[in-house]
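Written out below as C-alpha cells is the structure these notes cover.
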Amino acid sequence: MTNRRTILGLVGMGAATVAGGGLLSGCSREPGPTGTATNADAASAVVPDFKPVQLVQPDIKGTPPVADGYVRYPAKTVAAITEKPGTSGTPIKATTPWWGPPPPATGQNAYVDAVNAALGVPVEFSVQDGNTYSEKVNAMVGARDVPELLVIPGWDIARIARFSEGAHVLFEDLTPYLAKEKGANYPMLAALPTAAWKDSVWGGKLMGVPFPTDSPFPYALFHRKDLAEAAGVADPTNLDELYAYGTKLTDPGKGVWAFGDISAEVQQALGVPGSQQGWRKNPDGTLVHKYETPEYRQAIEFMIRIHRDGLMHPDLAGSKGGDANALLRAGKVVCWQGGLGVWRGLQRDETRVNPTFNLQPIKVFGAAPGQQPVRWQGTPGIIWTFIKKGLGQARTEELLRVLNWTAAPFGTKEYELREYGVEGTHFTRAADGTPVTNDLYTKEYANQFGFLGGRPAVIVGGADLPNYAQDFLAWANDAIRYAEPDPWAGIKVETPTKLASITQPTVDKMTDIERGRRPISDLDAVVTEWRNTGGDEAREFYATVLADNGR
C-alpha cells in the first residue's frame with residue numbers, strides 16, 4: 001500500500017529531474033499528476049529491435065498472447081552465452097519477491113552459488129515476502145535507498161503515487177544501452193517480446209527490463225480439484241452453482257472453508273469491465289468505470305452472501321488477512337482466485353509430499369447459463385527489473401549482461417541451470433531426460449534469477465508435472481475466447497496521481513462492504529466520493545488518451 005512517506009518522497013524528488021524531457025517529448029505527455037501516455041508507435045524508437053531466439057518447436061500452440069507449451073524436454077540443450085557476463089568481481093545487490101518460504105542466502109544456497117559461478121560475479125539477493133512486497137518497495141523508494149537491481153511487480157507499481165517521476169530519479173535510463181540496434185549487444189533481452197518492452201517505457205524513456213506474461217490473464221479461479229472430487233462436488237458452471245459448491249465444501253468443524261478471495265472472478269463472471277483498472281468504452285464513445293455499473297453492484301451483493309454465510313476462511317475474511325497459499329496447501333481452503341504464475345510451483349512442490357494434490361483452474365463460466373463472461377487482460381509485462389541510477393556505464397553494462405544471461409530461453413543450458421539448478425544436486429533426470437527436482441531445490445529455489453531478466457514465455461511441464469502444460473493450455477486457450485477488448489491496448493498509460501492515490505482506499509472501502517463491515521447502502525456514497533476525488537478526472541484523462549490515438 002502506498003504510504004505517506006513514499007508519496008512525499010516521490011513528490012520531493014521533483015519534476016525538475018524529469019523536466020528535461022524524454023526522447024519522445026513530441027510524442028509523449030510529461031509525467032505528472034494528471035497522468036501520462038506514450039503512443040505505442042512512438043515507444044518503438046526506444047526499445048530493442050526484436051530478434052527471436054527459438055531453439056525448440058512447441059508441442060502445443062497457445063492462442064496469442066498465450067505462450068506456447070512444451071510437453072517434451074529437448075534431448076540436447078545448447079549454450080547460448082559463451083563468455084561469463086560478470087567481469088568486476090564486485091557483488092551485485094538485488095531485491096526480489098517470493099511467495100513461499102524464504103530461501104537460504106547467497107553463500108549458503110547451492111542453487112544461487114552455482115548460477116553465480118556461471119555468471120562470474122556473485123548476486124547477493126534480498127528475497128522478500130511477496131505478500132507484503134509493496135510495503136518493502138515503498139520503504140526503499142521513499143528512503144531513496146534502492147539496490148543495484150530492484151524487481152517490482154506491476155501491481156505494486158500501481159500503488160506508488162507518481163511512480164513515473166520517482167523512476168527517473170532512482171533508476172537508470174536504459175535507452176542509450178538497448179534502443180533499436182543496440183539491443184543486439186544483449187541478444188537474449190532482444191528476444192523478449194516487443195510489446196513487453198514498449199510496456200517498459202516511462203516518460204518516453206526505457207526504464208526497466210520486463211518479465212513478459214505467460215498469458216494475459218491476471219487471475220484464474222483455482223481449486224483443489226482433488227478435494228472437490230473426494231467430496232463428490234462437481235465444478236461450478238455459473239454463480240448459483242458456485243454458491244452451492246461453497247456450501248457443500250465448507251465445514252468449520254473440520255477447519256475447512258470453500259473459499260479464499262474470489263471477488264475478481266465473480267466480477268468477471270458478471271461481465272464487470274476491467275480494462276485500465278476498470279474502465280470500459282461504451283458504444284456511444286463515453287467511458288464508464290466498473291464502480292458505476294449494475295454488474296459491479298451484483299458482484300458486491302454476491303460476495304456479501306459469501307461472507308454472511310461463512311463460506312470464506314475467517315483468516316482471509318478478517319481485516320488482517322492471511323496466507324491463502326498456505327491455507328490451500330493445507331487443505332483449509334479449497335478454492336480461490338490466484339495468478340497463473342502460482343500454479344506450477346505449488347503443484348510441483350505439493351505433489352512431492354502429497355501425490356494426490358491436484359490444483360486446477362475451473363473452466364471459465366458466466367454468471368448464469370448462457371451469459372457471457374469477460375476475462376480481464378493484464379499488460380504484456382507484469383514485473384520489471386530496474387537498475388539503480390548513477391552506477392556508471394561499465395557497471396550498468398555488466399548488470400545488463402547479467403540480465404541478458406538470465407533471459408536465456410527454453411532449450412539452453414542457461415535456462416536449465418536457472419530453472420532447475422545443478423544436475424545431481426537439485427534434480428535428476430527421468431527416463432525421457434526431463435529434470436525432476438528434489439527437496440533441496442524446493443528449499444533453495446525462489447525464482448531469484450528468473451525474475452531478473454524476464455524470459456521468452458513458455459509453458460513447460462516435466463516429469464514431476466506431467467500434465468501441467470496440457471492443462472494450462474487447455475484452460476488458457478478456452479479462456480482467451482472471452483478476453484475483454486482493451487481500447488487502450490498498445491498505449492503505455494501511466495496512472496494519474498489522483499486515481500493512484502484513491503485506488504487502494506476505495507478498494508478497502510469496497511472490501512469492507514463485501515465483508516459486512518459497512519452496509520451495502522454505503523456503496524453509492526463510496527462511488528460518489530471516488531468520482532469527486534479523482535475518478536471523474538481520470539475519466540477525462542483516459543478519454544483524451546483514446547482521442548489522441550484516434551480510437
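All of these numbers come straight from a predicted model, not from anything done at the bench.
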Can we call the ring centroids of W376 and Y482 under 6.0 Å apart?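 They do not qualify: ring centres at least 6.0 Å apart.
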Ring centers of F365, Y245 separated by less than 6.0 Å: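 So the answer is no for these two rings.
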Give a yes or no on whether K290 atom NZ has more than 12 heavy-atom contacts from other residues, nucleotides or ligands under 6.0 Å away.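 Correct, the count exceeds 12.
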Please indicate whether Y133 has more than 12 foreign heavy atoms, meaning atoms of other residues, nucleotides or ligands, lying under 6.0 Å from its OH.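 Correct, the count exceeds 12.
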Give me the one residue out of I306, V256, L311, D309 that meets side chain to side chain contact (heavy atoms under 4.5 Å, CB included) with T250.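 The passing option is L311.
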Decide ring-ring contact (aromatic ring centres under 6.0 Å, His included) for F302 and Y296; before the verdict, give the C-alpha distance in whole Å, the side-chain angles of both, and the deciding distance to 0.1 Å. CA-CA 10 Å; F302 183 87; Y296 182 77; over 10 Å; no
Please tell me whether D129 and N131 have a donor and an acceptor in their side chains that are separated by less than 3.5 angstrom.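 Judged by distance alone, the side chains do pair up.
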Check whether the side chains of E444 and H426 place a donor and an acceptor atom closer than 3.5 Å, and report yes or no.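 Yes, because at least one side-chain N or O of E444 sits under 3.5 Å from a partner of the opposite role on H426.
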Side-chain donor/acceptor of [X] to backbone N/O of [Y], under 3.5 Å:
| X | Y | value |
| --- | --- | --- |
| T77 | T412 | no |
| E292 | H289 | yes |
| Y111 | R418 | yes |
| D199 | P212 | no |
| R539 | L287 | yes |
| N354 | T356 | yes |
| D145 | M140 | no |
| N358 | D226 | no |
| N138 | S134 | yes |

Salt-bridge test for [X] and [Y]: reply yes if a basic N is under 4.0 Å from a carboxylate O, no otherwise.
| X | Y | result |
| --- | --- | --- |
| D349 | R344 | no |
| R429 | E416 | yes |
| K509 | D522 | no |
| K281 | D486 | no |
| D478 | R481 | yes |
| R455 | E414 | no |
| R72 | D59 | yes |
| D512 | R518 | no |

Might you work through the ring-ring contact (aromatic ring centres under 6.0 Å, His included) test for Y542 and W488, ending with a clear yes or no? CA-CA 9 Å; Y542 284 116; W488 295 272; 5.7 Å; yes
[Y] and [X] aromatic ring geometry - parallel, tilted or perpendicular at 30°/60° bounds:
| X | Y | answer |
| --- | --- | --- |
| Y420 | Y415 | perpendicular |
| F410 | Y73 | perpendicular |
| W336 | F222 | tilted |

Can you tell if the side chain of [X] reaches within under 4.5 Å of the side chain of [Y], non-hydrogen atoms only?
| X | Y | value |
| --- | --- | --- |
| S263 | M303 | yes |
| V127 | Q448 | yes |
| P216 | V66 | yes |

Any pair with a residue in residues 366-384 that passes salt bridge (charged side-chain N to carboxylate O under 4.0 Å, His left out), sequence neighbours left out, goes on the list, sorted by first then second residue, please.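 Every pair satisfying salt bridge (charged side-chain N to carboxylate O under 4.0 Å, His left out) with a residue in residues 366-384: E265-R375.
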Take S126 and Q128 through the test side-chain hydrogen bond (donor to acceptor under 3.5 Å, both in side chains) and record every step on the way to the result. CA-CA 6 Å; S126 173; Q128 300 292 322; 2.7 Å; yes
Where do N325 and D323 land on the side-chain hydrogen bond (donor to acceptor under 3.5 Å, both in side chains) test, with the steps shown first? CA-CA 6 Å; N325 288 356; D323 189 336; 4.9 Å; no
Between R305 and Y243, is NZ or CZ placed under 6.0 angstrom from the six-membered ring centre and within 45° of the ring axis?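 Flagged: R305 positioned over aromatic ring of Y243.
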Given L340 and F217, is the side chain to side chain contact (heavy atoms under 4.5 Å, CB included) satisfied, shown in steps? CA-CA 8 Å; L340 275 295; F217 310 112; 4.2 Å; yes
